[in-house]
Amino acid sequence: TAAFREFVDVDGFAKVVDAKELADNDHNANIRRYADNAPPPEPQDVHAHLHGGVPMTEIKDAAPLLAEGGVDVTLLFRDRGDGYADFAHPVTEQSGRDAAHAVIRAAVEERRTRNPLPSWWEDSTLPALEVLPATATLVGLRTALVNSFVAHVEPAGISRFAAAGMAATWWEDSTFDLKAAASRGWKAVLDGWLTTAEASQDDKNAPDLADTLAIRILAGDHLASRATLATETARLDAEVKAAETTDVDEDSDDEDRDDAISPAELKKLKADRTKAKKDLKSIDDGLLAEAHQRLAAMTADEAFARVTTELHGRIERLVDDHYAEIQRRTTAWHDTLADKYAITLHQLEAARDDASACLAQHLKELGYE
């Protein structure tokens with residue numbers, strides 16, 4: 001959308017084409033003819049394959065990726081001054097690769113922790129959300145928040161398109177909640193989450209009540225004791241199902257007979273499971289009742305704080321995913337160079353010759369000349 005509205009070239013994504021260029025291409029409007037996003041072929045440096053080293057050109061080509069993650073390339077490679085670099089870690093060994101991965105991980109984590117997301121949230125987002133019930137409209141809010149997010153995080157190395165994508169995704173995930181807040185206030189958002197959690201329990205494949213957003217927010221301090229009972233219920237259910245599928249008859253071997261349980265033991269297991277499920281249902285009913293009571297007693301300011309904490313968590317997770325992807329891509333890039341250039345052709349030939357000599361010696365010892 002930004003590329004279309006701004007009518008500008010975006011390398012590998014969009015290109016402004018005039019009528020003459022179209023005519024020169026026989027009016028062929030195939031997009032890839034003008035904006036080709038196909039990855040370039042993997043470069044192979046013959047000199048590096050033969051004599052070792054990593055071509056500095058391939059390292060420099062990754063400068064934008066390294067800049068996004070804040071990775072200091074000198075911690076990964078040592079420039080030899082002849083157009084090639086040596087690996088800073090012995091990547092022919094797993095320990096060396098692990099050390100390089102640790103450098104990348106630390107750099108990306110440092111960049112993530114210094115991301116200006118908190119300032120965007122405090123300076124731009126919270127003030128806008130706080131007055132939402134009073135303004136009772138979302139008109140213009142999406143554009144304002146997306147643009148301010150881009151303005152905050154782009155200087156930190158996140159591309160404007162990646163930043164806009166994260167902010168737009170956050171908006172899509174939160175639109176329903178923001179509409180509820182604009183029309184009925186922030187308590188209405190919590191009420192909607194709680195209603196959804198309660199209604200879902202009637203479904204056959206209902207999610208665990210403890211996993212629902214409303215219960216975690218409104219009654220999360222009661223979930224520890226429930227978790228123990230839920231684990232016990234799952235264990236009993238698994239044991240009952242395992243016992244029911246074990247069909248022991250006169251032809252069964254001794255191992256099957258040892259694994260089988262008696263009808264009386266199975267009956268007791270089922271009784272224990274039934275009791276555990278009833279106890280769990282009782283706890284869940286109590287959780288719902290507690291959640292309703294706390295919501296009824298909650299002030300508008302408390303509701304605002306609870307909901308916006310969740311909304312902040314959503315954009316924070318998107319930013320974390322972005323940096324996780326940068327770390328993955330940077331690690332893959334480093335390992336690709338290691339796979340290509342860590343072992344030279346001469347080293348491979350020497351290893352081959354050693355293996356051949358070793359084999360010849362074994363054959364000679366066995367009497368084969």
With Trp333, the side chain to side chain contact (heavy atoms under 4.5 Å, CB included) member among Asp335, Thr336, Leu337:
Leu337

Looking only at non-hydrogen atoms, find the nearest pair between Arg78 and Ala88 and report the distance.
NH1-CB, 3.5 Å

Would you call the rings of Trp120 and Trp170 parallel, tilted or perpendicular if under 30° counts as parallel and over 60° as perpendicular?
perpendicular

Tested for side chain to side chain contact (heavy atoms under 4.5 Å, CB included) against Leu218, the lone hit among Leu194, Leu287, Leu213 is Leu194

Start with the C-alpha gap between Leu311 and Thr125, add the side-chain angles, then the distance that decides, and say whether side chain to side chain contact (heavy atoms under 4.5 Å, CB included) holds.
CA-CA 10 Å; Leu311 297 181; Thr125 311; over 6 Å; no

Report the C-alpha separation of Arg184 and Val189 in whole Å, then their side-chain angles, then the decisive distance to 0.1 Å, and conclude whether the side chain to side chain contact (heavy atoms under 4.5 Å, CB included) test is met.
CA-CA 8 Å; Arg184 295 182 289 125; Val189 180; over 6 Å; no

Parallel, tilted or perpendicular: rings of Phe77 and Phe87 (30°, 60°):
tilted

For Lys179, I'd like to know if atom NZ has over 12 heavy atoms of other residues, nucleotides or ligands within 6.0 Å.
no

Going by heavy atoms in the side chains, are Glu232 and Leu280 under 4.5 Å from each other?
no

Can you establish whether the number of heavy atoms outside Arg114 located under 6.0 Å from its atom CZ is more than 12?
no

Between Asp98 and Gln94, does any side-chain donor sit less than 3.5 Å from a side-chain acceptor?
yes

Would Arg273 and Leu269 satisfy side chain to side chain contact (heavy atoms under 4.5 Å, CB included), going step by step from the backbone distance to the final call?
CA-CA 6 Å; Arg273 180 183 65 175; Leu269 268 180; over 6 Å; no

Less than 6.0 Å separating the ring centroids of Tyr84 and His51?
no

Where do Leu129 and Thr308 come nearest, in terms of heavy atoms and distance?
CD1-CG2, 4.1 Å

Within the supplied structure, the quantity of interest is the number of heavy atoms (other residues, nucleotides, ligands) at a distance under 6.0 Å from Asn30 CG; does it exceed 12?
yes

Can Glu198 and His292 be counted as having a side-chain donor-acceptor contact under 3.5 angstrom?
yes

Would you name the heavy atoms of Ala162 and His322 that are closest together and state the gap between them?
CB-CE1, 4.0 Å

Distance-only side-chain donor-acceptor flag, Asp301 / Trp186, under 3.5 Å
no

Which residue, Leu141, Thr143, Thr135, Thr137, forms the side chain to side chain contact (heavy atoms under 4.5 Å, CB included) with Val139?
Thr137

Quick check: closest heavy atoms across His89 and Ala99, and the distance to 0.1 Å?
ND1-CB, 3.6 Å

Salt-bridge present (Lys277, Asp284; N to O < 4.0 Å)
no

Intermediate values then yes/no, side chain to side chain contact (heavy atoms under 4.5 Å, CB included), Ile59 and Met56:
CA-CA 5 Å; Ile59 296 175; Met56 289 299 299; 4.0 Å; yes

Taking 4.0 angstrom as the limit, do Asp272 and Arg235 come out as a salt bridge?
no

For the pair His49 and Tyr341, name the ring-plane relationship: parallel under 30°, tilted 30 to 60°, perpendicular over 60°.
tilted

